[in-house]
There are 2 protein chains.
Amino acid sequence: MNIGDVSRISGLPAKTIRYYEDIGLIQPRRGENGYRSFQDKDLHKLAFLGRARALGFTIEDCRNLLALYEDDGRESAAVKHIAEDHLARIDEKIAQLHSMRSTLAELVNACAGDHRPDCPILDDLGHGQCIGADQAL
Amino acid sequence: MNIGDVSRISGLPAKTIRYYEDIGLIQPRRGENGYRSFQDKDLHKLAFLGRARALGFTIEDCRNLLALYEDDGRESAAVKHIAEDHLARIDEKIAQLHSMRSTLAELVNACAGDHRPDCPILDDLGHGQCIGADQAL
DNA sequence: ATAGAGGTTCCACCAACTGGAGGGTCAAGC
DNA sequence: GCTTGACCCTCCAGTTGGTGGAACCTCTAT
């Protein structure tokens, strides 16, 4: 199987698949002509990666999850630990976004949005308290 | 005022302030010695930027907002438009994160997290449907 | 005079890809 | 046998918003 077929099946761009090989997540064989030759095992791994990425796991998480997936002697606690950490990170981000959202919604609501220059949004940005600015998302 | 003072006052790292100059968001003067010499105007702009970034606006948004801020002939509609777009992007991200969160929470919940290898999380990643994988967050 | 704190520039790196240049390969049609 | 077009290859650069570090200059206090 060539990369194009794998891309169509997995839904991952060919570029991404090459990238995953580059960083050692998959090791497809090569044919005589130098083309990558994918097998079911690779396809399966790519599906795994696609789904893990869709759930927001980092590449490093994916690397670890893949290793656990292939380790028959794993303990499910290790997997759960990765997932729980990730869940916590997601919750943090959601909280951050909610906080931004509420401030922003207020400001948008207060702004007339007409041809006049008066604007509560700019007023706030210009004079509001700038808290920490913790590299928001 | 030197960059260190400005950094302390604004809460932005000196590196970040230099970076903002680099990309043209601020244009502090220079003293004889080559040091940046910040004035109230710069301080004010940096506070503006800090707050806008804390609300999650992109640098390009900030650039536009700053331009509007300094344009007495602006229409508040332009500002509101930027803010509404951003609000929509935030909502999208929140929705995405919520969707990840719910799937992930289910899986975490189903996983025993003990010394045995059986793991619903890995099962799901290995066999679940891989939807689009829209470069999650 | 010298130490230490602060300033300067420039280059490299982070995540996770994506785009494009420049070139090789394969299958089909003429 | 040749060309066309689709496919594949590698390598380099760019994205976002900074951050870290090296190498060097300047200021202030002792």
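Predicted model, so just to flag it, every value in this text is computed and none were measured.
Taking A:Arg18 as the reference, nothing meets the side chain to side chain donor-acceptor pair (under 3.5 Å) condition, with sequence neighbours excluded. Here A:Ser76 pairs with B:Asp114 under the side chain to side chain donor-acceptor pair (under 3.5 Å) rule; sequence neighbours left out. Looking at residues two or more places apart in sequence or on another chain, you find a side chain to side chain donor-acceptor pair (under 3.5 Å) between B:Glu60 and B:Arg63. Looking at residues two or more places apart in sequence or on another chain, you find a side chain to side chain contact (heavy atoms under 4.5 Å, CB included) between B:Asp85 and B:His81, B:Arg89. Under the salt bridge (charged side-chain N to carboxylate O under 4.0 Å, His left out) criterion, B:Asp5 pairs with B:Arg8, sequence neighbours left out. In terms of the side chain to side chain donor-acceptor pair (under 3.5 Å) criterion, residue partners of B:Arg36 (sequence neighbours excluded) are, by chain and number, B:Glu21.
What separates CD of B:Glu32 from P of D:dC27 is a distance of 10 Å, to the nearest Å. Rounded to a whole Å, the CD1 atom of B:Ile23 is 10 Å from the C1' atom of D:dT16. The separation between A:Met1 atom CE and D:dC7 atom C1' is 16 Å, rounded to whole Å. Across the protein-nucleic acid pair, B:Glu21 atom CD and D:dG18 atom P stand 15 Å apart, rounded to whole Å. Residue A:Leu12 contributes atom CG, which lies 12 Å from atom C1' of C:dC17 at whole-angstrom precision. One can place CZ of B:Arg63 at 12 Å from C1' of D:dG17, the figure rounded to the nearest angstrom. Whole-Å rounding puts the B:Asp22 CG to D:dG18 P distance at 13 Å.
With the end axes of the helix from C:dA1-D:dT30 to C:dC30-D:dG1 each set by five pairs, the angle from one to the other reads 30° at 10° resolution.
Judged purely by atom type and a 3.5 angstrom limit, B:Asn33 uses its side chain to pair as donor or acceptor with the backbone of B:Tyr35.
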Atom pairs under 3.5 Å, N or O on each side, protein against nucleotides 12-15 of chain C: can you list them with distances?
none

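Considering only side-chain N and O atoms, B:Tyr20 lies nowhere under 4.0 angstrom from the phosphate OP1 or OP2 of D:dG17. Between B:Thr16 and D:dG17 there is no side-chain N or O to OP1 or OP2 distance below 4.0 Å.
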Indicate every side-chain donor-acceptor pair of residues 101-109 of chain A with a distance under 3.5 Å to a residue at least two apart or in another chain.
| unit_1 | atom_1 | unit_2 | atom_2 | d |
| --- | --- | --- | --- | --- |
| A:Arg101 | NH1 | B:Asp91 | OD1 | 2.6 |
| A:Arg101 | NH1 | B:Asp91 | OD2 | 2.6 |
| A:Ser102 | OG | A:Ser99 | O | 3.2 |
| A:Thr103 | OG1 | A:Ser99 | O | 3.3 |

Donor-acceptor pairs are to be reported for all side-chain atoms of residues 41-49 of chain A against protein atoms at under 3.5 Å, with residues two or more places apart or in another chain.
| unit_1 | atom_1 | unit_2 | atom_2 | d |
| --- | --- | --- | --- | --- |
| A:Asp42 | OD2 | A:Gln39 | N | 3.0 |
| A:His44 | NE2 | A:Tyr69 | OH | 3.3 |
| A:His44 | NE2 | B:Gly126 | O | 3.1 |

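B:Arg53 places a side-chain heavy atom less than 4.5 Å from the side chain of B:Cys62.
Looking at B:Lys15, its side chain comes within 3.5 Å of the base of D:dG21 through a donor and an acceptor atom.
For residues 97-122 of chain B, every residue pair satisfying the ring-ring contact (aromatic ring centres under 6.0 Å, His included) rule, not counting sequence neighbours, is listed here: A:His98-B:His98.
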If a protein heavy atom is under 4.0 Å from the base, mark B; if only from the sugar-phosphate, S; if neither, -; do that for nucleotides 1-8 of chain C going 5' to 3'.
-----BSB
